[in-house]
There are 2 protein chains.
Amino acid sequence: MSLKYAVLAALLEGEASGYELSKLFDVSFANFWASTPQQLYRELERLERDGLVRARVVRQERRPDKRMFSLTESGRRDLETFAAAPPKRPTAIRDELMIKIQAMDLDGVDPEATCALVEERATWARAKLDRYARVRERLLGGRTEEEFLRRADRIGPYLTLMGGIAFEEENLRWCERVLAVLRSRAALS
Amino acid sequence: MSLKYAVLAALLEGEASGYELSKLFDVSFANFWASTPQQLYRELERLERDGLVRARVVRQERRPDKRMFSLTESGRRDLETFAAAPPKRPTAIRDELMIKIQAMDLDGVDPEATCALVEERATWARAKLDRYARVRERLLGGRTEEEFLRRADRIGPYLTLMGGIAFEEENLRWCERVLAVLRSRAALS
DNA sequence: TTGCCCATGTAACTTGTTACATGATTGT
DNA sequence: ACAATCATGTAACAAGTTACATGGGCAA
């Protein structure tokens, strides 16, 4: 139900193809709404059928044709209504690593293996933070954060990005605390 | 695929009924693996059929019968294998509020309404933190964190709880920053 | 020459959600 | 009297995942 609104919100940035949206959902949108390219293509079909989005075919040379999607007036109105209404469902998280941590104390589980998993997570978190930093610079466009937040027309995308950055930073801190604990326990035995 | 392991990991705490598991998934497990009671009942059926879990019917007076589930040896081994293997899928988050924030700059969206949504989120975050604090006290059982992390047999559940607490604290800080921004913009116009 | 990028899609399958049903007990 | 708690479940539906297919361009 909400992937619909995630797509509409993504199209606020302007016209985009399914492929471009799938890239966007891989970087910034992934922080709060996970989805695969297949889901997006399916959703776009539905949104077009329902008149919330319109498609324009762009012929390309030496590249497959692409369909550029944009919001219709009715899509925009629907999104406005959604944006002011209270959320229907609580935030859902699905993080396999945490299940593995929950079960790490089992006899058959090598603490070294657990360490490796946490280190991998930390590496990913750092990579994500790097990408966010670049997106942030682009959004700020030379202004300071304070200046931007006071004057810019659209601050929504910046506020969600702030959320993503804070989340990954916290993630990284957690990884480091866990690694410190695991290492000091390894030293004891 | 991983709800399976989330359930097995939950049963590490000991025998539990479907109902009790659904309570657990509502409090601590919800931080990293969301699921509804109906999913749990279905999953438990499957796990029993596959021999990873065994059920024992407990007759009760003045209460419906209940089925208490516990891990079998093969369930435990399966969980051990899972715990040491790298995650198959990246962490997925689905947070409606963030979509609403992303779209908040639309003309038809009242900034007051957006504020109210963020305040509600902050209230929930505080309530969650309260509950986590109680779970934490129970786990520590009077010891300090340092002492606990050095000597306890099972630290997995504490580490995931630490993650949940850090996540909610960050959430709350984000809410407060957003509210400060929204209020100072409201004062300007 | 292997593999990734662009660009879209179909089909089969697995998960997750929602609404409903039962029925006694306990608390306000 | 009404709602919540305990305790489980069915059925219908919506959403998400995985594997596969197409086919030229481009870089190491």
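Letters A, B, ... mirror the listed sequences (proteins, then strands); counts begin at 1. Side chains are part of it too, since the values below use all heavy atoms of this structure and drop only hydrogens, waters and symmetry mates.
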*Asks:* Look at the side-chain N and O atoms of A:Ser17 and state whether any lies under 4.0 Å from the OP1 or OP2 oxygen of C:dT8.
*Replies:*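 For C:dT8, OP1/OP2 do have a side-chain N/O of A:Ser17 under 4.0 Å.
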
*Asks:* Expressed in angstrom and rounded to an integer, what is the separation of A:Gln39 atom CD from D:dA14 atom P?
*Replies:*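 Answer to the nearest Å: 15 Å.
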
*Asks:* Rounded to whole Å, how long is the line connecting atom CZ of B:Arg89 with atom C1' of D:dG16?
*Replies:*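 The answer, rounded to whole Å, is 9 Å.
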
*Asks:* Can you tell me if A:Gln38 touches the phosphate of D:dT17, counting only side-chain N or O atoms and a distance under 4.0 Å to OP1 or OP2?
*Replies:*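 No, because none of the side-chain N or O atoms of A:Gln38 sits under 4.0 Å from OP1 or OP2 of D:dT17.
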
*Asks:* Any idea how B:Phe82 and B:Tyr5 line up, ring-wise: parallel (<30°), tilted (30 to 60°), or perpendicular (>60°)?
*Replies:*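 B:Phe82 vs B:Tyr5 ring planes: parallel.
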
*Asks:* Looking at C:dT8, I'd like to know if its phosphate oxygens (OP1 or OP2) sit under 4.0 Å from a side-chain N or O belonging to A:Tyr19.
*Replies:*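 No, no such contact exists.
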
*Asks:* Which nucleotide sits closest to the side chain of A:Arg94: C:dT17, D:dA15, C:dT8?
*Replies:*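 Given the options C:dT17, D:dA15, C:dT8, the side chain of A:Arg94 is closest to C:dT17.
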
*Asks:* Are more than 12 heavy atoms, taken from residues, nucleotides or ligands other than A:Glu146, located less than 6.0 Å from that residue's CD atom?
*Replies:*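 Check fails, neighbour count at 12 or below.
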
*Asks:* Need one value for B:Ser22: base, sugar-phosphate or nothing, where a base atom within 4.0 Å counts as base even if backbone is also close, heavy atoms only.
*Replies:*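 Touches nothing.
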
*Asks:* Does D:dC6 have its OP1 or OP2 closer than 4.0 Å to a side-chain nitrogen or oxygen of B:Arg67?
*Replies:*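 No, outside the criterion.
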
*Asks:* Please give, in whole Å, the distance from D:dG16 P to B:Leu3 CG?
*Replies:*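 In whole Å, D:dG16 P lies 16 Å from B:Leu3 CG.
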
*Asks:* Which listed nucleotide (D:dT8, C:dA7, C:dT18) is nearest to the side chain of B:Lys66?
*Replies:*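 Nearest nucleotide to the side chain: D:dT8.
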
*Asks:* Starting from the 5' end of DNA chain D, give me the residue, B:Pro37 or B:Ala92, whose nearest nucleotide shows up first.
*Replies:*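 Of the two residues, B:Pro37 wins.
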
*Asks:* Taking atom C1' of C:dG9 as reference, at what distance in whole Å does atom CD of A:Glu43 sit?
*Replies:*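 Atom-to-atom, A:Glu43 to C:dG9, this comes out as 16 Å.
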
*Asks:* Measure the distance from CH2 on A:Trp33 to P on C:dG16 and round it to the nearest whole Å.
*Replies:*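 After rounding, the reported distance stands at 14 Å.
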
*Asks:* Could you state the atom-to-atom distance from NZ of A:Lys23 to C1' of C:dC5 in whole Å?
*Replies:*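 Going from A:Lys23 (NZ) to C:dC5 (C1'), I get 8 Å.
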
*Asks:* A:Arg63 side chain: which of C:dT15, D:dG9, D:dG24 is closest?
*Replies:*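 It is D:dG24.
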
*Asks:* Expressed in angstrom and rounded to an integer, what is the separation of A:Asp26 atom CG from C:dC6 atom P?
*Replies:*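 Those two atoms, CG and P, are 12 Å apart.
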
*Asks:* How is A:Arg42 classified with respect to the nucleic acid when contacts are heavy atoms under 4.0 Å: base, sugar-phosphate, or nothing?
*Replies:*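 Here A:Arg42 touches the bases of the nucleic acid.
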
*Asks:* Which residues end up grouped with B:Met68 if you chain together Ile, Leu, Val, Met, Phe, Trp and Tyr wherever their side-chain heavy atoms are less than 4.5 Å apart?
*Replies:*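 B:Val58, which link up through side-chain heavy atoms under 4.5 Å apart, make up the rest of the cluster.
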
*Asks:* Of the nucleotides C:dT15, D:dG16, C:dA7, which has the atom closest to the A:Tyr41 side chain?
*Replies:*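 It is C:dA7.
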
*Asks:* Using the closest heavy atom to pick a nucleotide of DNA chain C for each, name whichever of A:Phe69 or B:Thr36 lands nearer the 5' end.
*Replies:*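 Going by which nucleotide is closer to the 5' end, it is A:Phe69.
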
*Asks:* Taking NZ, NE, NH1 and NH2 as the nitrogens, is one of them in B:Glu119 or B:Arg183 under 4.0 Å from a carboxylate oxygen of the other?
*Replies:*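 A salt bridge is present here (some side-chain N lies under 4.0 Å from a carboxylate O).
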
*Asks:* Pick the nucleotide of DNA chain D nearest each of A:Met1 and A:Pro64; which residue has the one closer to the 5' end?
*Replies:*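 On the 5' side of the pair lies A:Met1.
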
*Asks:* Rounded to whole Å, how long is the line connecting atom NZ of B:Lys88 with atom P of C:dT14?
*Replies:*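 For the pair B:Lys88 NZ and C:dT14 P, the rounded distance is 15 Å.
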
*Asks:* If you count every heavy atom of other residues, nucleotides or ligands that lies below 6.0 Å from A:Arg154 atom CZ, does the total exceed 12?
*Replies:*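 Yes.
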
*Asks:* Just checking B:Arg177: does its CZ atom have more than 12 heavy atoms from other residues, nucleotides or ligands closer to it than 6.0 angstrom?
*Replies:*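 No, because the 6.0 Å sphere around CZ of B:Arg177 holds 12 heavy atoms or fewer from other groups.
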
